[in-house]
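Values in this document were obtained by computation on a predicted structure and should not be read as measured data. Chain A is the first sequence line, chain B the second, and so forth, proteins listed ahead of strands; every chain is numbered from 1.
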Amino acid sequence: MAPSPTGTLHIGGARTALFNYLLARKEGGTFVLRIEDTDVERSTQESVDVILQAMDWLGLSYDEGPYYQSERYDLYRGKVKELLDKGLAYRCYCTPEELEAKREAAMQSGGKRSYDGTCRQRTDQPDAPHVIRFKTPQAGSVDFVDRIKGRMSKDSDELDDLIIQRTDGHPTYNFVVVVDDAEMGISLVMRGDDHVNNTYRQIPMYQALGYPVPEFAHVPMILGSDKKRLSKRHGATSVMAYKDMGYLPEAMVNYLVRLGWSYGDEEIFSLEDLIEKFSLDNIGRSAGVFNPEKLLWLNEHYIKTGDPARLGGLLAEILAGQGVDVSSGPEMAAVVKTLQDRAKTLIEMAEGARFYFAAPQSYDETAAAKFLTADKREVIDISIRHLEALSSFTHDGVEQAFQSVMEETGLKFGKIGPTIRVALVGGPVSPSIYDVVAVLGQEETLARLRKALAVLTGKS
RNA sequence: GUCCCUAUCGUCUAGCCUGGCCCAGGACACCGGCCUUUCACGCCGGCGACGGGGGUUCGAAUCCCCCUGGGGACGCCA
């Protein structure tokens, strides 16, 4: 996996990383992380950190690296010299302005925008600013069999002499990946299919340098809902943004892998399942549209089925970050269990959990007007009595207590529950009353009910 | 513009290689119903696609050709 540290790790990059990881794990290969930071202008340490964090969050552990291309310039320079000495590369003195003008002119006349090879035959080698270009063979065609797309071919005369070393001496991407992939023994290059045209340019370089040509697997791109390249205008695209929005990494992994890959009708896969089941054969060949709803559904699924203790830990972090004191409230796992079926994200769960840790300061107006009226004092009072007498403060115990309240008052639960709910949580929405009471505990429940009673008494 | 790739429900896809089991299956979303102490969950049902045109064949989503659509690349970015 070789991301470039010029931004965050986005959805597309993460999926490529995942596919690479899965294949390496499945086939017992080595998963190498290499940071492609030959663009000094745009590469930043912050981006490197974000990439590392995202890989870690997704659970994609690497066996080697991270390697930094910026630390391997000696190697690349040696290889450039080798090509120069063999006559397979040459100095080009054309300036960026000249090149731009030529491209412009070519565009106008409907021709190719390729470099015209002006400096290819140049015999003098003045000591002036120059780049180094690779002398791409002009005859025949470049062919390879892509592990995903099958036979691929391009006529060589469509290829021009690409720059492998800039005026400032820095090597360029297309050259260093060839050197690195070969030197690092990469046997399969899997990357987005926006690179297929680079592959045609890279293969001759492997050959020129005497390297074996690796296998290639070009994964289709991920597009936005308008079928355009995924970008910020389609909403969050960075992986870590989803962590912040309360998504679970297993949901992200599951979503990502199904975007472009399938295994019959199955939808749910853990990383472990995937290491066993993943295969290049089941990757589709066409671009896919990023669908946030399905990702959300998967997140919902993993929240629903997740281990309460683990989810509790994650929830506590979020709550703490929101300034909620979770140290004195009920046990997190118990809280989670009451919310798992009704939250799609951890953020949503946190919202739903706040009342457990802070008694209502006020009551929702419309809910109170309906369910917390003076005539409800008796119900609350009777409920208090039965809950006081209850020794087993569990879901079932609480249910029995309310059974008694129903008998004593002759009311159906529909006439009791909503009132208790508003008194306990302050609003009209919460998990099942029995669960809320059981999790809140006897002391806290009674305190909140008495408070409500006092408020009602003060009113009349 | 040139080149490369690609084409099944709105979206992700199964099926295509090894034609008939497909008047096309699953999932998300959407719509309806049931359940229900709120909100949800859940359950049941529904809507919905082989881009078009030519071939080949007894028979094509599946094979061939053309068209069209979509994406990508064309940088001293990666």
Side-chain angles (χ1 to χ4, degrees), chain A residues 2-7 36-39 41-43 92 94-96 99-100 103 106-115 129-133 146 149-150 152-155 157-160 162-168 170-174 176-177 191-201 218 220-221 223 225 227-229 255 258-268 282 284-298 300 304 339-344 348 352 367 371 402 412-422 425 427-434:
Chain A
S4 104
T6 53
E36 317 223 293
D37 55 352
T38 51
D39 184 351
E41 300 279 303
R42 301 193 301 154
S43 299
C92 169
C94 299
T95 66
L99 294 171
E100 183 49 44
R103 275 194 292 267
M107 267 277 269
Q108 296 299 328
S109 60
K112 295 173 188 167
R113 306 202 225 190
S114 317
Y115 175 61
H130 63 273
V131 299
I132 309 287
R133 284 184 188 271
D146 191 273
K149 293 172 180 287
M152 305 284 277
S153 177
K154 185 160 188 145
D155 288 341
D157 57 16
E158 293 292 337
L159 272 15
D160 63 357
L162 73 163
I163 293 172
I164 59 177
Q165 184 176 295
R166 302 177 171 93
T167 305
D168 65 6
H170 284 97
T172 59
Y173 164 80
N174 273 304
V176 298
V177 291
R191 66 215 330 186
D193 73 4
D194 48 336
H195 282 285
V196 300
N197 286 296
N198 286 328
T199 301
Y200 293 120
R201 296 151 79 81
H218 288 98
M221 308 231 66
L223 311 174
S225 52
K227 297 274 181 78
K228 297 290 179 211
R229 208 186 175 116
Y255 177 72
R258 278 288 287 106
L259 216 189
W261 175 85
S262 60
Y263 193 77
D265 283 345
E266 289 183 41
E267 293 287 349
I268 305 298
N282 301 319
R285 283 162 304 176
S286 53
V289 172
F290 177 63
N291 180 205
E293 276 89 29
K294 187 143 186 184
L295 170 57
L296 184 62
W297 173 74
L298 281 163
E300 195 182 343
K304 205 171 299 173
L339 264 8
Q340 276 179 299
D341 275 349
R342 60 197 75 228
K344 294 189 201 306
E348 238 181 78
F371 303 117
F402 277 105
K412 288 189 176 176
F413 193 73
K415 294 288 178 192
I416 301 170
T419 296
I420 302 299
R421 172 174 288 113
V422 179
V425 316
V429 177
S430 84
S432 151
I433 295 294
Y434 304 145

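Residues meeting the salt bridge (charged side-chain N to carboxylate O under 4.0 Å, His left out) test with A:E300, sequence neighbours left out: A:K304, A:K344. Under the side chain to side chain contact (heavy atoms under 4.5 Å, CB included) criterion, A:D265 pairs with no residue, sequence neighbours left out. Residues passing the salt bridge (charged side-chain N to carboxylate O under 4.0 Å, His left out) test with A:R285: none are found, sequence neighbours excluded. With sequence neighbours left out, the ring-ring contact (aromatic ring centres under 6.0 Å, His included) criterion links A:Y115 to no other residue. For A:N174, the side chain to side chain contact (heavy atoms under 4.5 Å, CB included) partners are A:L162, A:N198, A:Q202, A:M205, not counting sequence neighbours. Residues satisfying the side chain to side chain contact (heavy atoms under 4.5 Å, CB included) test with A:K227, not counting sequence neighbours, are A:L223, A:V289. Scored by the salt bridge (charged side-chain N to carboxylate O under 4.0 Å, His left out) test, A:R342 finds no partners at all (sequence neighbours excluded). The salt bridge (charged side-chain N to carboxylate O under 4.0 Å, His left out) check on A:E348 picks up nothing, with sequence neighbours excluded. A search for side chain to side chain contact (heavy atoms under 4.5 Å, CB included) contacts involving A:P418 returns A:F371, not counting sequence neighbours.
Of the residues near RNA chain B, A:E266 and A:R103, the one whose nearest nucleotide (by heavy atom distance) lies more toward the 5' end is A:E266. Along RNA chain B, the nucleotide nearest A:E267 and the nucleotide nearest A:V196 are compared for position; the residue whose nucleotide lies closer to the 5' end is A:V196.
Distance A:H170 NE2 to B:rC77 C1': 14 Å, rounded to the nearest Å. Separating the NZ atom of A:K228 from the P atom of B:rU6 is a distance of 20 Å, rounded to the nearest angstrom. Atom NE2 in A:H195 sits about 15 Å away from atom C1' in B:rG71, given to the nearest Å. For the pair A:I433 CD1 and B:rU36 P, the computed distance is 17 Å after rounding to whole Å. Between the CG atom of A:D193 and the P atom of B:rA7 there is a distance of 11 Å, given to the nearest Å. One can place CD of A:E100 at 12 Å from C1' of B:rC74, the figure rounded to the nearest angstrom. One can place CG of A:D341 at 13 Å from P of B:rA40, the figure rounded to the nearest angstrom. Rounded to an integer number of Å, the gap from CG of A:L159 to P of B:rC4 is 11 Å.
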Checklist outcome for this item: In B/S/- notation (B base, S sugar-phosphate only, - none; protein heavy atoms under 4.0 Å), nucleotides 28-34 of chain B written 5' to 3' is S------
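Of the listed nucleotides (B:rA73, B:rC76, B:rU37), B:rA73 has the atom at the smallest distance from the side chain of A:R229. The listed nucleotides are B:rU38, B:rA78, B:rG1; the one nearest the side chain of A:R342 is B:rU38.
Glycosidic conformation of B:rC12 is anti; the angle lies outside 90° of 0.
Counting atom types as modelled, A:R166 pairs no side-chain N or O with a base atom of B:rC76 as donor and acceptor under 3.5 Å. Donor-acceptor pairing under 3.5 Å, judged by distance alone, is present between the side chain of A:T167 and the base of B:rC76. In the interface, the side chain of A:N198 is not paired with the base of B:rA73 through any donor and acceptor atom under 3.5 Å apart.
A donor-acceptor contact shorter than 3.5 Å links the side chain of A:Y255 to the backbone of A:N291. Proximity of a side-chain donor or acceptor of A:D155 to a complementary backbone N or O of A:D157 within less than 3.5 Å is not detected.
The aromatic rings of A:F402 and A:F413 sit perpendicular, their planes meeting at an angle over 60°, well past the 30° parallel limit.
Inspection of the A:R191 and A:T199 side chains reveals an N or O donor paired with an N or O acceptor under 3.5 Å.
A salt bridge links A:D194 with A:R229: at least one charged nitrogen is closer than 4.0 Å to a carboxylate oxygen.
Counting any heavy atom pair closer than 4.0 Å across all strands shown, A:D160 reaches no nucleic acid atom. Among the heavy atoms of the strands lying under 4.0 Å from A:Y200 are primed sugar atoms or P, OP1, OP2 only; no base atom is included. Note on A:P431: a base of the nucleic acid sits closer than 4.0 angstrom, heavy atoms only. Among the heavy atoms of the strands, none lies under 4.0 Å from A:S114. Across all strands, A:D155 comes closer than 4.0 Å to no nucleic acid atom at all (heavy-atom distances).
The partner of B:rG1, taking Watson-Crick or G-U wobble pairs whose two distances both stay under 3.5 Å, is B:rC74. Figure legend. B:rC43 is base-paired to B:rG33; pairs are counted as Watson-Crick or G-U wobble with both atom distances under 3.5 Å. With both pairing distances under 3.5 Å, B:rC28 is matched to B:rG10 as a Watson-Crick or G-U wobble pair.
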Between the protein and nucleotides 13-16 of chain B, are there any N/O to N/O pairs under 3.5 Å, and if so, what are the atom names and distances?
| residue | atom | partner | partner atom | Å |
| --- | --- | --- | --- | --- |
| B:rU13 | OP1 | A:G260 | N | 2.5 |
| B:rU13 | O3' | A:S262 | OG | 3.2 |
| B:rA14 | OP1 | A:S262 | OG | 2.9 |

Short N/O separations, protein against nucleotides 43-48 of chain B, under 3.5 angstrom:
none

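Between the C1' atoms of B:rA24 and B:rG48, the separation comes to 12 Å (whole Å).
OP1 or OP2 of B:rA78 sits under 4.0 Å from a side-chain N or O of A:T38. The shortest distance between the side-chain N/O atoms of A:K154 and the OP1/OP2 oxygens of B:rA73 is not below 4.0 Å.
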